[in-house]
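The structure appears below as C-alpha cells.
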Amino acid sequence: MNMYRQFTHNIHERRRTRLFGATALLTTTIIVLAQFIAPATATTHAQTSPALATPSYGCTSPSDCLSKMTLAEKEGQMTQVENNAFSQRGNSVTDIKTYFIGSVLSGGGGGPNGTSGGTASQWADMTDNFQNYALQTRLGIPLIYGADAVHGHNNVYGATLFPHDIGMGATHDTALITQAAQVTRDEVLGTGVRWTFAPCICTPQDIRWGRTYEGYSENPTDTAADGSAAIVGFQGPNGALGPTNILATAKHYIGDGHTAWGTGSPYLNEGDAQITEQQMDTIDLPPYQSAVTNKVGSVMISYSSWNGLKDHANQYLITTKLKGTGTDSNGTPNLGFQGFVVSDWQAIDQISSDYNYDVRTAINAGIDMVMVPDNYKTFISTLDTEIKAGNIPTARIDDAVTRILTAKFALGLFTQPYTDRSYTATVGSAAHRAVARQAERESLVLLKNNNVLPLSKTGSYTLVVGGDHADNLGYQLGGWSITWQGGSGTTTVGTTLWQAIQQAGLSSSVKLKFVGTQTKGRYTGDVGIVAVGETPYAEGNGDTNTLALNSSGAAEVTDVCSRVTKCIVLLFSGRPMIINTQLNQSSAFVAAWIGSTEGEGITDVLFGDYGFTGKLTFTWPSAVTQEPCNKNNGCTGALFPYGFGLTPF
Ligand code: GLC
C-alpha cells in the first residue's frame, strides 16, 4: 500500500474508532498532505476498462434465486464491503466471487485506485470491474454499488454539487429538490453506482450537532416533504426504479437528530435520544412515514440509541415499528416498509464487545444487509456460525435476502448490470450546473439589508471583496465533498464567489479590489463583501459547544467592514451560528450555507438578477446556551425565528 493509501485507509480506520478532536486535526493534515503526495490520478492498481463478463443469470426472480441459493450465497448477499478493503490485509477482489458479495460501497472519499476523487469514467471502470466478478459467481447475481451522493455525486471529481440539505430546505421548493435529485441520479448512473445513501431525513433539534447541515429542517413537516421529493427524484414516482433510476436510502433511522447533549461522540453525534415514543412519533417518524409511502427502497439505521438501547440492536424499532403493520401504543401506524434495511458503517460492532452477539442481535433485530465494511471474512464466518448454531432463524435470512434481491430485480440489475456510459458525459454538464445554480440562488436567506442590496452592475463605486471563504472552493463546499471531511482550495470543478463576481458582467465603473484574508488592510471602499464561515467537517467532527465564528473570520469581518461604507457579510456555514457582533458590523447579512459548486448563484442575487426567496428552516439562536432551541420546544429569544427571510426584491 503506498503512503497515500495508508492515509486513506487510516481515515477510514479513524471512522471505525470514531475518535474525534485530535483525529480530526490529524485527518485534515493527512488530507492536506495527501493532496501533495498522490495526485488524483495516482493508481495503486491500474484501473482500465475491464473486459467484462457476459451476464449469465442462474435465476429469474427473487423466489427463484432464493430456492437455488446455498447458505454461503445468501450470507454473501447480506454483506456490503468498502471498495478499498479488497486490496488490504491479504484480501483480493476475487473475494467478490469467492464470498458471493452482494454489495460494494464507497465511503466518504472512497474513489477509484485507493484515492479520493477520480473522474466519472474512472468510477465507471471501477464499479464495472467489481460487477465483473459478481457476474462470474454460480448464479451470476449482480452486486449493487452504493455511495453517499448527498449533495450531488460529491465523491466524484467534476460532479455537479448542490447546497447541502439545510440549503435545499431553505428553498422551500420541492420541485427543485426533485430536479436536483434527478440531476444527481443521472450523474450517479454515469459512474455505475446504483444506490445513494440519501436523503438524510433526520430532523435536527439541536444545531450543535455536526450533521445539522445534512438535515432539511427542524420541522418534520418540511423534512417529510423535502425528503420524499428527493426520493421521487432518485427512484422515479411511486418507486418506479428500473435501469434509469437509482435506489434511495432514508437515513438514519431513527432519532439521529434528536439525541441529548453530552451523550454522543463527542457530544451529540451517535448519542442517545432520550425521548418518549410520542415525541418520536411527532418529530422523527413523519419523514419516514412519507418516505415509505413514496416507496423508498432502503433504510439505513442510525448509530444513535433510543433511551439507552442502540438502534442497530432494537428489534422493536426495526421489525415492528418500521417493517411491521398494526399500530404502536400511541395509535400511530407502523410503517409496513417493504424494502431492505442496511446498517451504518461498522455500526453493529458498537452494539457490544462480543462480535458474535453483535451479528446475531443486529440480524435478528431486522437488519438485512451489513455495511461491514472491511473485515468481511470475519463477518461472514460469524454470521455462518450464528446461523448454524440456531441463533438466527433461516426465515430471517431468507427474508433479508428476498428484500435485497427484490430491490436488485426492480432496479434492472438483472438486465443491465454494467454502467450505462451514455450518462457518464452528463457529469458536471452545463445543464446540470444550471440547476445547481438555481438551487444556490433559492437557498440564500437574507437576514439583514439596510438599503444595500441589490448591488448595481453599472454604478461607479469601489467594491472590496475579502474573507477566507471568498475564493476557496473547498470551504464553499464543506464536508462530504471529494473527501469525507471536505478540504480546502480547488478540490473539484466549480466557481467560487470571487470568480463569480469577476464573471458577473460588471461595468468597468465598478472598481473591484480583492483583499483576501488580510486583517490589517490599508484600503477603503464604498461597498465590501466579506465571506466567512465554518471550515469543512463531517459527522462528529462538527459537534460544537460554541457555534462561534472562528477568530480569523471575525477579524476579516472587522477589517473589511471598518474600511467600507456599506458592508455585506456572507456566512458559509452548515447551520446558524452566533453572529450578533458581525450582524451589528454589517449593513447586509446573507446566510449562504455550504455545498454548491455554483458561486454564480450567489452573484445572481447580490446583483439583482434574481430576488432573495430563501427562508430559514432552523431557528437562529442569539446565544449557544439557548440550544436546543427550535419551533418544537417553545424556545424564545432567538435572533431569527424559524421561517425568517427578507424578500425585499
Ligand atoms: C457514515 C454515515 C452514513 C454514510 C455511511 C457510508 O458513517 O453515518 O451517513 O452513509 O457512513 O459512508
Side-chain angles (χ1 to χ4, degrees), residues 8-9 11-20 23-24 27 79-85 103-111 116 144-156 164-165 184 188 193-202 204 209-216 227 230 234 246-257 259 264-266 268-271 287 296-305 310-312 340-350 367 369-374 478-486 537-543 574:
T8 308
H9 180 63
I11 290 172
H12 292 311
E13 286 294 329
R14 274 161 184 67
R15 290 176 66 162
R16 294 169 59 192
T17 53
R18 315 196 77 77
L19 292 176
F20 292 102
T23 302
T27 304
T79 306
Q80 184 179 60
V81 182
E82 73 139 331
N83 61 333
N84 293 317
S103 180
V104 179
L105 86 145
S106 286
S116 59
I144 180 169
Y145 200 100
D148 296 276
V150 295
H151 67 119
H153 201 359
N154 37 266
N155 284 316
V156 176
H164 273 288
D165 286 357
T184 302
V188 168
V193 176
R194 298 300 315 276
W195 179 17
T196 179
F197 305 132
C200 178
I201 54 173
C202 50
W209 185 38
R211 305 195 75 167
T212 295
Y213 67 76
E214 295 185 61
Y216 291 103
F234 291 134
I246 61 175
L247 198 71
T249 309
K251 73 179 187 181
H252 312 80
Y253 182 84
I254 190 171
D256 50 348
T259 57
S265 59
L268 281 166
N269 198 42
E270 305 178 18
V296 68
S298 71
V299 168
M300 185 183 291
I301 303 301
S302 176
Y303 283 113
S304 55
S305 302
K310 279 283 186 183
D311 286 4
H312 278 80
F340 71 90
V341 172
V342 64
S343 64
D344 203 337
W345 182 283
Q346 205 187 356
I348 72 166
D349 302 41
Q350 296 181 6
I367 287 171
M369 181 185 286
V370 171
M371 187 186 295
V372 180
D374 298 310
W480 293 104
S481 302
I482 304 299
T483 61
W484 178 41
Q485 293 295 315
Y537 58 82
E539 301 193 38
N541 286 337
D543 279 7

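Atoms within a ligand are numbered from 1 in the order they appear, just like the ligands themselves. In what follows, every heavy atom counts, from backbone to side chain, and hydrogens, waters and symmetry copies are set aside. Keep in mind it's a predicted model, so treat the numbers as computed, not measured.
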message: Can you confirm whether M300 sits close enough to I367 that some side-chain heavy atom of one is under 4.5 Å from a side-chain heavy atom of the other?
response: no
- prompt: Polar-atom distance check: S106 versus ligand 1, any N or O pair below 3.5 Å?
  reply: no
query: Does a side-chain heavy-atom distance below 4.5 Å link S343 with M371?
result: yes
message: If the cut-off is 4.0 Å to any non-hydrogen atom of Y303, which atoms of ligand 1 fall inside it?
response: 7 (O), 8 (O)
message: Quiz question: by atom type and distance under 3.5 Å, do the side chains of N269 and W209 form a donor-acceptor pair?
response: yes
message: I need the contact type for R211 against ligand 1. Using non-hydrogen atoms and a strict under-4.0 Å cut-off, is it side chain, backbone, both or neither?
response: side chain
query: Can you list the ligand 1 atoms lying under 4.0 Å from a non-hydrogen atom of H252?
result: 3 (C), 8 (O), 9 (O)
task: Answer yes if the side chains of S298 and T249 hold a donor-acceptor pair under 3.5 Å, and no otherwise.
output: yes
Test item: F234 and T184 side chains (from C-beta on) under 4.5 Å apart, heavy atoms: yes
query: Which of the atoms in ligand 1, numbered in the order shown and given with their element, are less than 4.0 Å from a heavy-atom of W345?
result: 7 (O), 11 (O)
message: If you measure every N or O of E214 against every N or O of ligand 1, does any of those distances drop under 3.5 Å?
response: no
message: Within ligand 1, which atoms have a heavy atom of G107 less than 4.0 Å away?
response: 12 (O)
Pair R211 + D165: basic N to acidic O under 4.0 Å: no
- prompt: Would you call the rings of F340 and W195 parallel, tilted or perpendicular, where under 30° means parallel and over 60° means perpendicular?
  reply: perpendicular
query: Got an N/O contact under 3.5 Å between K251 and ligand 1?
result: yes
- request: Find all atoms of ligand 1 within a distance of less than 4.0 Å from any non-hydrogen atom belonging to F197, and give their numbers and elements.
  value: 10 (O)
Nitrogen or oxygen atoms of W480 and ligand 1 under 3.5 Å apart: no
- request: Under 4.0 Å, heavy atoms only, figure out whether ligand 1 is touched by the backbone of W484, its side chain, both or neither.
  value: neither
